[in-house]
Structures are given as C-alpha cells and as structure tokens.
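A short worksheet on the structure shown next.
Lettering follows sequence order; numbering is per chain, from 1.
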Amino acid sequence: MSISFDLINSLDNLVYKAAQSVDEFGQEFDPQTRSADERFGDFQANGVLPFAKKMGKNPRELAQKLIDALPASEHWSVEIAGPGFINFTLSPEYLLKWICTHGSTDNLKASAKDKENSKVVIDYSSPNTAKQMHVGHIRSTIIGESLARILAFQGNEILRDNHLGDWGTQFGILLFAIKEQGISLDDLGDDPIARLEDLYRQGNARIKEDENALVGARQELVKLQDGDEENLKLWEKIRDISISSFLKIYDLLDVHFDHSLGESFYRDKVDGIYEELGKHKICQEDDGALVVFHPEHKRFAKQPFIIRKSDGASNYATTDLATLGYREKEWQAEQIIYVTDGRQRDHFEQLFLTAKKWFIAEERKLPTLAHVWFGTILGDDNKAIKTRDGQPVKLIDLLEEAIRRAADMVKQKNANLSDEEVQRRAKVIGLGAVKYADLSQDRTLDYVFSWDKMLAMQGNTAPYLQYAVARISSIFRKMERSSDGPFNEARPPQSDAERKLSRKLLFFPIALKQATRELKPHFLCTYLYELATDFSSFYNLEKVMVDDPDVRDLRLLLCSSTQAVLQTGLSLLGIETLEEM
RNA sequence: GCACCCGUAGCUCAAUUGGAUAGAGCGCCUGACUACGGAUCAGGAGGUUGGGGGUUCGACUCCCUCCGGGUGUGCCA
C-alpha cells in the first residue's frame, strides 16, 4: 500500500469511513484526529467524545464499536483510553517506511505539492521611498517572504509584489526642502538615502513652524501630480536612490520581488475607481469627500472609507482599490495576501468590504483576500520603537551588527579560517538568527526590540537548528558516505531516541499545514526546533558510527532525513544552512 | 464613548483552535566528552494561565464581569 504523507488526513478519513458503517454514527461525525502526546500514542481521534455527548450515548462504548469497525492493520495498534479517546500507535516498520518514502529533500518537495494550487499575490515589505528602512520594516519583509516560500513549496504560483509608498504627501515636503536648500541630488554624499531622510525631516519641521513653507510644500506636490517635468525628474531620482538602498537590504535577506509596482503606478487608474463605484452607488459624497459606508457593519456604517479627499486628491484607499483591480484583471490573481502592521486592520476590513461590493456589481470574480497582520516592534517605553534621538533603529544597522556578532562567534570556534569564509558563514548564521527571532513567535504579538533577543545564538534560535544540520554533515563527511544514501540495511527504529526522532519526522506535514492554514510561520519554527531537539538527544545518546550495518544504516537514515527536513523547513523560513559552522 | 488586540514560571515566549499531568528558551543550581562538533546533552528548582463567575465529560482556549496594558476610530499610510 502507499504511505500517506499527511497521516492525520489519512487516519481521519479512515476513522470517518469506519464510523459510517456503524449505525450510531452519522455523516456529521468529525473524528478530530490529532497528533498525540507520546505517552498515549502517535495520533489520537477525539471526536467520539463530543459526538457521544450529543447523542446521549456512552462514549467508551461508542469508541469500542468504532474501533471494531476499523479495518485491521499491521501498521498500527489502536486502543481506547480515558473517557473515550482513540489512540493510534504506529509500528516501527511503518515509521521506517514513511521515512524511506518521504524523508528526503526531493521526496518532501514532491509529497508536499497540492493539486489544488492557485495563483497568489503576496503584497509585503512595502517601504516608503525617500526614507530608510528601519527595524519596523523587518516583520513585513520576513514574514511575507516566508509565506511566499511556504505557499510556493506546496505548488502555488506566487507573485511577490512590493507595493512601494512612492506617491505620498511626503514628496511635497521633500521637494520643497530640496529646492529651498538648493541641494543637488547628484551630490548627496556617501549615504544618499540618509541625507534624503534628513532633508525630509528638516522640511517637516519647517512646515510646522512656517505657514509659507506649508504652502510651498503643497505647491510642489501639486506640480508633481500635474506632471511638472522638473519635479518628476527629481521624484524619479529620489525613487532610484531609495530603491537602491532597499536592494542592498533585500540582497542580504535574499528577498526578491517579481514586481515593485508602487502607488505611483496606479495614479492614472484612480479615476476609474471613482467612476465605477459611483456608477453602482457604492460611494457617496460626504463633507466634500467621496466615501464608502457599510450600513450592514456595526462600525463602518458610521466610520467612512474615504476614497477621495475633499481637496480632490486620492489616498491609499483609492490606490489599494486600483491595485486590487489591477492584480485581478492583469494577473488573474486568485488570492491576495497583504502583510502589514496590525494597526491597519480597519483599513483592510473596509477595503475588502468595498471590493466585494465593487466586484459583485461589476460581475467580476473577487480573489480570496487575506490581511496577514503583525504586532508592533516596541521600544523600552512600550511605544513603537525609537532610538534615543527619536529615530528608529536602521534595518541595515541591525543586519550588519548581526553579521558582525556571528563573525566573532565563528572566529572564536575556528581560528584558522579565511576572512572570506568567516564572512560567508557569519552571514548565514547572523541573518538566520535575526529572521528566526522574528518568525518564531506568533506574528500577532507585539514585542519589545532587543539586540540580545534578535542576535541570540543559543537555545531556540536559528543557529541551534543550523548546528544540528552541520553536525549531521560532519558525520557523513567523516564516514565518507553520501547523505542521499542508500541505507538499504536500515532496521526499524527500536530505542526510545530512535523512535522519538522518527515519529517527529512524520509530523512535518502537520506543521506545514498548520503554518499554511493560519499563515503563521511560527508553527513551522516550533516544529523544527522540536525536531532539532529530538535529534540532539538522539545524537548524544546513540552512536551513529557503529559496526552493525542495520543499526548504522538506520541511524544514518535518521540523520539524513532530519537534515532534509531541517534544511527544507529552514529554507521555507528564508534561512540557509552550512556544511560547517 | 465605541471597536479590536493582549495579560501564561524571575525574564522572553509555546500550547495541534475545547482534549489527557500547561511546555520550551534565557537566567539559577547539579551533573556529562580517552566519544560522530560542548553553538550540545541529562537532571533540579520555579505556575491559582491578571481577579471573579458561568457553559460541560473536559477551559490558557468559549460566554459574562471587573482590573491592567496597547491599538484604531473622516480627509497620513
């Protein structure tokens, strides 16, 4: 028989099917199959308990009838426990078979492919031009990239789109400051983006104290939006400078976009939005602005979604609608995922409600929309992060510090490495640590920024996982064997450590599925950490390089498969691994 | 005011969406290389899951209430 990749799914089907052959069960019965605590078995079906309650039957008797109806299997044993749990314990032979069938890099990839894949746009990172990326941008960038990889891994077609904030009011202020100070954009020194940000800050301070400056800034913005040649040229230059500073960071993070269509790209598409929403009476004039109310919603009946300001200008609600329309029309997106700060939840809820009405009216098929939001990074004062001088910590500084600290560590462990090799390893380790620190906790939670937390290399961290991978590589190197096998002599797992590790390997599909369903990479992190922990225990307890060929092959197989799962899982988080570290 | 998010060990976080005795890391204490990498492993101490009530076979999880923190709430994104 074939060995299912996702055992929860196949056991669940099996139990359901068995239940249908027993009189007491109906179609609405849900087996609720889960992975089980080691003490009770490998998987458990909990569904009999609530079902028995509903039917007024004795749960243990029902459970007994259900397992009597299950087809006999040599692959697992079944028993009833507690008030009516049904526990499955897999045979060692079956564990071995699963690992042989699915537990290599290529097989994991092939097994994870889902037939029902779709075309997904992921909208993430999205920094504003004319400003530097700061630590606040790390979450969208890293979470978005990980989700892109997780979904692509399962066969979805992914379009990564960086929705740059390149057409806001900030340009009026910046252009005004540039002109007032007579700055040349060709001569901004060795850190042009920092200089631009300074100019913006100065301009911002000016308009607050000087009415004439405010008027000037507005005029520059209007000129830009009217297509003034000089301002457009300056704007383009600012955009180029900004993007090249972003690219430096994206290269470090190994994040690459298919598109970077910012707000400016949609500036000539907003009129169509007014027209169509107006035609279908979805929007209305209110206090001079064009707004959308949602009477069916308890809050948005009164709280407007403003799509055109009273001065006639569009805003991000307008461009977001135009963007959504474009992605469906031009790209045939079936799903769109927005990765932004949780403070924008109202905005996206209103956007989705509005889009739904718009698409229905236009008889278009609305893509599945998801707002993947995350918590704020806080400073010591529990407010959104700022440094001492009031500016956020620059993202590039964080990344470079991570690499520097990792380099110290690498040098300390390996005295005779070339600088290039130290640097190569330090990038993988340091950047892995930073990414993992963010991805490993539930994205909806705020967290207080801490250098030590972001750069930790012990315990539940990327370096711990990378270390397990490196130790496995070391074993194969020393034995002069390939991690691809073959491991033909392998006997089924016997010892506690062998069994525990084997069983954990089988849970990879569960973690993957959960991370996908909730669009939360931390489920994958938790799993990988547990796998690495089980491996480390196994490694300390059981010697791999033994003479007995069937024992040796099994342990090598476990090493190989653990490495495959760790590398695969880490790659889905955007984290690389090393042969030696 | 209204809406939403959060409160779990000294600190930072998990908990398979209602499942069995709430688990990790850091820190602290005690141990482990004549061994495949000590960025490791084994063990210990540490909990009224903010308080109180309710729902049921079962609650960190759902409902009510109170306390505390945060965010959003008409022309920024």
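- Comparing B/G38, B/C5, B/A20 by their closest approach to the side chain of A/Tyr467 singles out B/G38.
- Rounded to whole Å, the distance from CG on A/Leu465 to P on B/U40 is 11 Å.
- Remark: ring of A/Phe85 overlaps the six-membered base ring of B/A20 in a stacked fashion, centroids less than 5.5 Å apart, planes less than 30° apart.
- Remark: aromatic rings of A/Phe43 and A/Phe507 are close, center separation under 6.0 Å.
- The pair A/Arg425-A/Glu421 meets the salt-bridge criterion, with a side-chain N (NZ, NE, NH1 or NH2) lying under 4.0 Å from an Asp/Glu carboxylate O.
- Remark: the separation of the P atoms in B/C63 and B/U56 is 16 Å, to the nearest Å.
- In this structure, A/Phe40 packs face-to-face on the six-membered ring of B/A20, meeting both the 5.5 Å centre cutoff and the 30° plane limit.
- At a threshold of 4.0 angstrom between heavy atoms, the contacts of A/Asp534 with the nucleic acid are absent.
- Whole-Å rounding puts the A/Ile86 CD1 to B/A20 C1' distance at 15 Å.
- For A/Ser537 and B/A42, the shortest distance from a side-chain N or O to OP1 or OP2 is below 4.0 Å.
- With both ends at atom C1', the span from B/U55 to B/C62 equals 8 Å, rounded to whole Å.
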Sequence neighbours left out, cut at 3.5 Å: what donor-acceptor pairs do the side chains of residues 53-60 of chain A make with other protein atoms?
residue : atom : partner : partner atom : Å
A/Asn58 : OD1  : A/Arg60 : N            : 2.8
A/Asn58 : OD1  : A/Glu61 : N            : 3.1
A/Arg60 : NH1  : A/Gly82 : O            : 2.6

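- Minimum atom distance to the side chain of A/Gln458 is reached by B/A39, of the listed B/C36, B/C5, B/A39.
- Base engagement by A/Pro50 is indicated by at least one non-hydrogen atom pair under 4.0 Å involving a base atom.
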Check: Dot-bracket, RNA chain B: Watson-Crick or G-U, under 3.5 angstrom, [ ] crossing, | other strand?
Finding: (((((((..((((.....[...)))).(((((.......))))).....(((((..]....))))))))))))....

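- Annotation: B/A15 and B/G53 have their P atoms spaced 27 Å apart (nearest Å).
- Distances were taken from every side-chain heavy atom of A/His522 (C-beta onward) to each of B/A15, B/C57, B/C5; the shortest belongs to B/A15.
- Put simply, A/Ser474 has a side-chain N or O that comes within less than 4.0 Å of OP1 or OP2 on B/G37.
- When the P atom is compared between B/C60 and B/U21, the two are found 10 Å apart, to the nearest whole Å.
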Margin query: So if I define the base as every atom that isn't primed, P, OP1 or OP2, how would nucleotides 72-77 of chain B read as a B/S/- string at a heavy-atom cutoff under 4.0 Å?
Written below: SSBBSB

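- Base engagement by A/Glu542 is indicated by at least one non-hydrogen atom pair under 4.0 Å involving a base atom.
- With sequence neighbours excluded, no residue satisfies ring pair (Phe, Tyr, Trp, His ring centres under 6.0 Å) with A/Phe487.
- A/Lys478 comes within contact range of the sugar-phosphate backbone alone, with a heavy-atom separation under 4.0 Å but no base atom that close.
- Residue A/Met479 is out of contact with every strand shown, counting any heavy-atom pair closer than 4.0 Å.
- Across all strands shown, A/Glu530 has no heavy atoms under 4.0 Å from either base or sugar-phosphate atoms.
- Candidate nucleotides B/U40, B/C36, B/U16 were compared by shortest atom distance to the side chain of A/Tyr464, and B/U40 ranks first.
- With sequence neighbours excluded, the residues satisfying side-chain contact (heavy atoms from CB on, under 4.5 Å) with A/Ser140 are A/Tyr124, A/Val339, A/Phe374.
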Notebook entry, point to check: side-chain contact (heavy atoms from CB on, under 4.5 Å) between A/Tyr436 and A/Asn460: does it pass, once the steps are laid out?
Noted result: CA-CA 9 Å; A/Tyr436 189 87; A/Asn460 186 2; 2.6 Å; yes

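- Screening residues 446-456 of chain A for salt bridge (Lys or Arg N to Asp or Glu O under 4.0 Å) gives A/Arg405-A/Asp452 as the qualifying pairs, with residues at least two apart or on separate chains.
- Applying the salt bridge (Lys or Arg N to Asp or Glu O under 4.0 Å) definition to pairs two or more places apart or across chains, those involving residues 306-324 of chain A are A/Glu285-A/Arg308.
- When A/Thr129, A/Asp166, A/Thr319 are each tested for a side chain to side chain donor-acceptor pair (under 3.5 Å) with A/Ser264, only one passes: A/Asp166.
- Judged as a side-chain contact (heavy atoms from CB on, under 4.5 Å), and not counting sequence neighbours, A/Ala301 has no contacts.
- Looking at A/Ser536, its side chain has no donor and acceptor atom pair within 3.5 Å of the base of B/U40.
- The C1' atoms of B/C75 and B/C13 are separated by 40 Å, rounded to the nearest whole Å.
- Among the heavy atoms of the strands, none lies under 4.0 Å from A/Ile510.
- For the OP1/OP2 pair of B/G38 and a distance below 4.0 Å, the side-chain nitrogens and oxygens of A/Arg471 include at least one atom meeting the criterion.
- Judged as a side-chain contact (heavy atoms from CB on, under 4.5 Å), and not counting sequence neighbours, the contacts of A/Arg34 are A/Gln32, A/Gln44, A/Asn46.
- We find that OH of A/Tyr529 is positioned 11 Å from C1' of B/U40, with the value rounded to whole Å.
- If you take atom C1' in B/U8 and the same atom in B/U49, they sit 4 Å apart, rounded to whole Å.
- When each of B/C36, B/A39, B/C5 is scored by its nearest atom to the side-chain atoms of A/Lys543, the top-ranked nucleotide is B/C36.
- Per the geometry, CD belonging to A/Glu38 stands 19 Å off P belonging to B/G19, to the nearest Å.
- Distance, A/Tyr436 OH to B/A24 P: 15 Å, rounded to whole Å.
- For A/Lys298, the side-chain atoms get nearest to B/A3 when compared with the rest of B/U71, B/A3, B/A20.
- Distance noted for atom C1' between B/U73 and B/U61: 29 Å (whole Å).
- A salt bridge is defined here as a Lys NZ or Arg NE, NH1 or NH2 lying under 4.0 Å from an Asp or Glu carboxylate O, and A/Arg552 with A/Asp548 fails to meet this definition.
- Map A/Phe523 and A/Met545 each onto its nearest nucleotide of RNA chain B; the residue landing nearer the 5' end is A/Phe523.
- To the nearest angstrom, P of B/G18 lies 15 Å from CD of A/Gln44.
- Taking atom P on both B/A22 and B/C26, the two are 22 Å apart, rounded to the nearest angstrom.
- In this structure, A/Ala81 reaches the bases: a heavy-atom distance under 4.0 Å links it to at least one base atom across the strands shown.
- A ring-centre distance under 6.0 Å is not found for A/Phe40 and A/Phe85.
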Every protein N/O lying under 3.5 Å from an N/O of nucleotides 8-13 of chain B:
residue : atom : partner  : partner atom : Å
B/U12   : O2'  : A/Lys453 : NZ           : 2.8

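- For A/Arg477, the side-chain contact (heavy atoms from CB on, under 4.5 Å) test picks out A/Ser473, A/Ser474, A/Glu579, A/Glu580, with sequence neighbours left out.
- Residues passing the side-chain hydrogen bond (donor to acceptor under 3.5 Å, both in side chains) test with A/Thr33 are A/Asp12, sequence neighbours excluded.
- Of all nucleotides listed (B/G25, B/G38, B/G19), B/G19 comes nearest to the side chain of A/Gln32.
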